[in-house]
Amino acid sequence: QVQLLESGGGSVQAGGSLRLSCAVSGYTYSTYCVAWFRQAPGKGRDGVAGIDSAGATSVSDSVKGRFTISKDNAKNIFYLQLSRLKREDTAMYFCAAVGRTAGCWSPFFEDDFEHWGRGTQVTVSS
(Lines give C-alpha, C1' and ligand atoms only; values in the text may rest on other atoms or scores of the structure.)
Protein backbone atom coordinates (compact mmCIF):
# COMPACT_ATOMS: atom_id res chain seq x y z
CA GLN A 1 0.00 0.00 0.00
CA VAL A 2 1.28 3.46 -0.89
CA GLN A 3 2.02 5.64 2.11
CA LEU A 4 3.16 9.25 2.27
CA LEU A 5 4.52 10.85 5.42
CA GLU A 6 5.25 14.56 5.69
CA SER A 7 7.68 16.11 8.13
CA GLY A 8 9.66 19.30 8.67
CA GLY A 9 6.89 21.70 9.58
CA GLY A 10 7.10 24.09 12.48
CA SER A 11 6.90 27.71 13.55
CA VAL A 12 9.10 30.33 11.94
CA GLN A 13 9.27 34.11 11.72
CA ALA A 14 8.41 35.90 8.51
CA GLY A 15 11.37 35.89 6.15
CA GLY A 16 12.61 32.57 7.45
CA SER A 17 12.91 29.18 5.77
CA LEU A 18 11.82 25.60 6.24
CA ARG A 19 12.31 22.40 4.28
CA LEU A 20 9.44 19.97 4.21
CA SER A 21 9.96 16.29 3.45
CA CYS A 22 7.59 13.70 2.07
CA ALA A 23 8.75 10.11 2.48
CA VAL A 24 7.02 7.72 0.09
CA SER A 25 6.82 3.97 0.55
CA GLY A 26 5.05 1.16 -1.29
CA TYR A 27 5.00 3.16 -4.52
CA THR A 28 5.70 0.96 -7.54
CA TYR A 29 4.89 3.33 -10.40
CA SER A 30 7.78 4.21 -12.68
CA THR A 31 5.77 7.15 -13.98
CA TYR A 32 4.29 9.54 -11.43
CA CYS A 33 3.52 13.03 -10.28
CA VAL A 34 4.11 14.14 -6.70
CA ALA A 35 2.75 17.49 -5.61
CA TRP A 36 2.50 19.64 -2.52
CA PHE A 37 -0.78 21.21 -1.49
CA ARG A 38 -1.62 23.52 1.39
CA GLN A 39 -4.75 24.40 3.29
CA ALA A 40 -5.24 27.38 5.57
CA PRO A 41 -8.06 27.47 8.16
CA GLY A 42 -11.40 28.09 6.50
CA LYS A 43 -9.98 27.77 2.99
CA GLY A 44 -9.71 25.11 0.33
CA ARG A 45 -6.73 22.92 -0.46
CA ASP A 46 -4.51 24.54 -3.10
CA GLY A 47 -1.63 23.01 -5.05
CA VAL A 48 1.67 24.85 -4.75
CA ALA A 49 4.29 22.72 -6.53
CA GLY A 50 4.77 19.42 -8.33
CA ILE A 51 7.50 17.20 -9.74
CA ASP A 52 7.20 14.24 -12.10
CA SER A 53 9.18 11.05 -12.58
CA ALA A 54 11.39 12.74 -15.18
CA GLY A 55 12.30 15.52 -12.76
CA ALA A 56 10.24 18.25 -14.41
CA THR A 57 8.92 20.77 -11.89
CA SER A 58 6.10 23.26 -11.74
CA VAL A 59 5.35 25.88 -9.10
CA SER A 60 2.23 27.97 -8.63
CA ASP A 61 2.38 31.70 -9.25
CA SER A 62 1.56 32.42 -5.62
CA VAL A 63 4.85 30.94 -4.39
CA LYS A 64 7.08 31.13 -7.46
CA GLY A 65 10.52 32.46 -6.61
CA ARG A 66 10.19 31.44 -2.95
CA PHE A 67 9.34 27.72 -2.98
CA THR A 68 11.31 24.95 -4.69
CA ILE A 69 10.34 21.31 -5.13
CA SER A 70 12.93 18.55 -5.50
CA LYS A 71 13.42 14.85 -4.87
CA ASP A 72 15.93 12.26 -3.78
CA ASN A 73 15.25 9.25 -5.98
CA ALA A 74 17.44 6.89 -3.96
CA LYS A 75 15.59 7.66 -0.73
CA ASN A 76 12.11 8.16 -2.20
CA ILE A 77 11.87 11.53 -0.47
CA PHE A 78 10.27 14.59 -2.00
CA TYR A 79 11.15 18.02 -0.66
CA LEU A 80 9.54 21.41 -0.59
CA GLN A 81 11.96 24.20 0.26
CA LEU A 82 10.11 27.18 1.69
CA SER A 83 12.05 30.45 1.63
CA ARG A 84 11.24 34.07 2.48
CA LEU A 85 8.14 32.90 4.26
CA LYS A 86 5.18 35.20 4.74
CA ARG A 87 2.37 35.08 7.27
CA GLU A 88 -0.04 34.09 4.52
CA ASP A 89 2.00 30.91 3.96
CA THR A 90 0.66 29.58 7.26
CA ALA A 91 -1.19 26.36 6.45
CA MET A 92 -1.22 22.61 6.74
CA TYR A 93 1.00 21.28 3.96
CA PHE A 94 0.20 17.95 2.31
CA CYS A 95 2.01 15.84 -0.25
CA ALA A 96 0.10 13.83 -2.80
CA ALA A 97 0.93 11.35 -5.55
CA VAL A 98 -0.57 9.76 -8.63
CA GLY A 99 0.83 7.23 -11.11
CA ARG A 100 0.93 9.43 -14.19
CA THR A 101 2.68 12.55 -15.41
CA ALA A 102 -0.24 14.08 -17.27
CA GLY A 103 -1.37 17.23 -15.53
CA CYS A 104 1.77 17.50 -13.40
CA TRP A 105 1.92 21.24 -13.73
CA SER A 106 0.28 24.24 -12.11
CA PRO A 107 -2.56 24.59 -11.48
CA PHE A 108 -2.80 21.30 -9.60
CA PHE A 109 -6.18 19.74 -9.02
CA GLU A 110 -6.89 17.89 -5.81
CA ASP A 111 -9.07 15.31 -7.54
CA ASP A 112 -6.20 14.24 -9.83
CA PHE A 113 -4.22 12.74 -6.96
CA GLU A 114 -4.82 9.31 -5.55
CA HIS A 115 -2.53 9.10 -2.53
CA TRP A 116 -2.23 11.64 0.27
CA GLY A 117 -0.22 12.19 3.40
CA ARG A 118 -1.74 13.49 6.61
CA GLY A 119 0.03 16.85 6.49
CA THR A 120 2.57 18.89 8.42
CA GLN A 121 1.79 22.29 9.93
CA VAL A 122 3.69 25.43 8.95
CA THR A 123 3.07 28.54 11.03
CA VAL A 124 4.64 31.87 10.09
CA SER A 125 4.57 34.79 12.50
CA SER A 126 5.06 38.45 11.64
Side-chain angles (χ1 to χ4, degrees):
Q1 181 72 289
V2 175
Q3 292 186 327
L4 289 77
L5 180 62
E6 304 95 334
S7 63
S11 298
V12 64
Q13 291 185 334
S17 300
L18 286 172
R19 188 175 73 164
L20 309 182
S21 299
C22 175
V24 179
S25 61
Y27 202 86
T28 60
Y29 295 121
S30 59
T31 300
Y32 59 80
C33 175
V34 173
W36 287 90
F37 289 74
R38 67 182 182 182
Q39 185 171 25
K43 297 185 178 180
R45 190 171 296 182
D46 298 321
V48 296
I51 187 168
D52 69 16
S53 43
T57 62
S58 180
V59 181
S60 70
D61 290 340
S62 63
V63 302
K64 189 170 294 183
R66 299 188 299 117
F67 291 9
T68 302
I69 188 168
S70 63
K71 61 178 179 175
D72 184 330
N73 288 325
K75 296 182 178 180
N76 281 349
I77 299 177
F78 298 80
Y79 302 102
L80 186 67
Q81 177 68 45
L82 316 178
S83 300
R84 306 201 313 278
L85 284 161
K86 305 174 180 179
R87 192 174 68 175
E88 51 263 43
D89 294 320
T90 294
M92 183 74 76
Y93 284 73
F94 302 86
C95 61
V98 67
R100 61 176 180 266
T101 58
C104 198
W105 51 83
S106 182
F108 302 94
F109 299 99
E110 184 176 357
D111 289 345
D112 287 344
F113 292 84
E114 183 178 1
H115 309 288
W116 291 82
R118 297 185 67 180
T120 185
Q121 179 68 39
V122 172
T123 302
V124 184
S125 61
S126 300

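For the single chain, residues carry numbers from 1 onward in sequence order.
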(request) State, yes or no, whether a side-chain contact exists between Ile77 and Val24 at a heavy-atom distance under 4.5 Å. (result) no
(request) Measure the spacing between CD of Glu110 and CG of Asp46 and express it to the nearest 0.5 Å. (result) 9.0 Å
(message) For Ser58 versus Cys104, what's the shortest heavy-atom pair and its separation?
(response) CB-O, 4.1 Å
(message) Does atom CD (Gln13) have a neighbourhood of more than 12 heavy atoms from anything else shown, all under 6.0 Å?
(response) no
(request) Answer whether the closest heavy-atom distance between the side chains of Phe37 and Trp116 falls below 4.5 Å. (result) yes
(message) Looking at every heavy atom in both Trp36 and Cys22, which two are closest together, and how far apart are they?
(response) CZ2-CB, 3.6 Å
(message) For His115 and Tyr27, take the angle between the two ring planes, folded into 0 to 90°, and tell me which bin it lands in: parallel under 30, tilted 30 to 60, perpendicular over 60.
(response) perpendicular
(message) Check the orientation of Phe108 and Phe113. Use parallel for under 30°, tilted for 30 to 60°, and perpendicular for over 60°.
(response) tilted
(request) Using a 4.5 Å cut-off on heavy atoms from C-beta on, say whether the side chain of Glu114 contacts that of Val2. (result) no
(message) I need the minimum non-hydrogen distance between Ala97 and Val34, along with the two atoms involved.
(response) CB-CG2, 4.0 Å
(request) Might you point out which heavy atoms bring Ala40 and Ala91 nearest each other, and give the distance in Å? (result) N-CB, 3.9 Å
(request) Establish, for the pair Arg45 and Phe94, whether the NZ or CZ atom is under 6.0 angstrom from the six-membered ring centre and no further than 45 degrees off its axis. (result) yes
(request) Output the distance between atom OG (Ser25) and atom CG (Leu5), rounded to the nearest 0.5 Å. (result) 8.5 Å
(request) Check for a donor-acceptor pair, side chain of Lys71 on one end and backbone N or O of Ser53 on the other, with a separation under 3.5 Å. (result) yes
(message) Among residues at least two apart in sequence or on other chains, which ones pass salt bridge (Lys or Arg N to Asp or Glu O under 4.0 Å) with Asp89?
(response) Arg38, Arg66
(message) Please determine whether the number of non-hydrogen atoms from other residues, nucleotides or ligands lying under 6.0 Å from atom CD of Gln3 exceeds 12.
(response) no
Identify all side-chain donor-acceptor contacts of residues 78-85 below 3.5 Å with residues at least two apart in sequence or on another chain.
from, atom 1, to, atom 2, distance (Å)
Gln81, NE2, Leu18, O, 3.4
Arg84, NH1, Gly65, O, 3.2
Arg84, NH2, Gly65, O, 3.4

(message) Contact between Thr123 and Val12 at the side-chain level, heavy atoms closer than 4.5 Å - yes or no?
(response) no
(message) Is there a side-chain contact (heavy atoms from CB on, under 4.5 Å) between Leu20 and Val122? Walk through the geometry before answering.
(response) CA-CA 9 Å; Leu20 309 182; Val122 172; 4.0 Å; yes
(message) Please report the interatomic distance CD1(Ile51) to SG(Cys95), rounded to the nearest 0.5 Å.
(response) 13.0 Å
(request) To the nearest 0.5 Å, tell me how far Trp105 CH2 sits from Asp52 CG. (result) 9.0 Å
(request) Answer whether the closest heavy-atom distance between the side chains of Gln121 and Tyr93 falls below 4.5 Å. (result) no
(message) Testing the basics here: between Ser60 and Ser106, what is the closest heavy-atom pair and its distance to 0.1 Å?
(response) CA-OG, 3.4 Å
(request) Verify, without hydrogens or angle tests, whether Ser21 (side chain) and Ser7 (backbone) share a donor-acceptor contact under 3.5 angstrom. (result) no
(message) Is there a path of hydrophobic side-chain contacts, each under 4.5 Å between heavy atoms, that joins Val59 and Val98?
(response) no
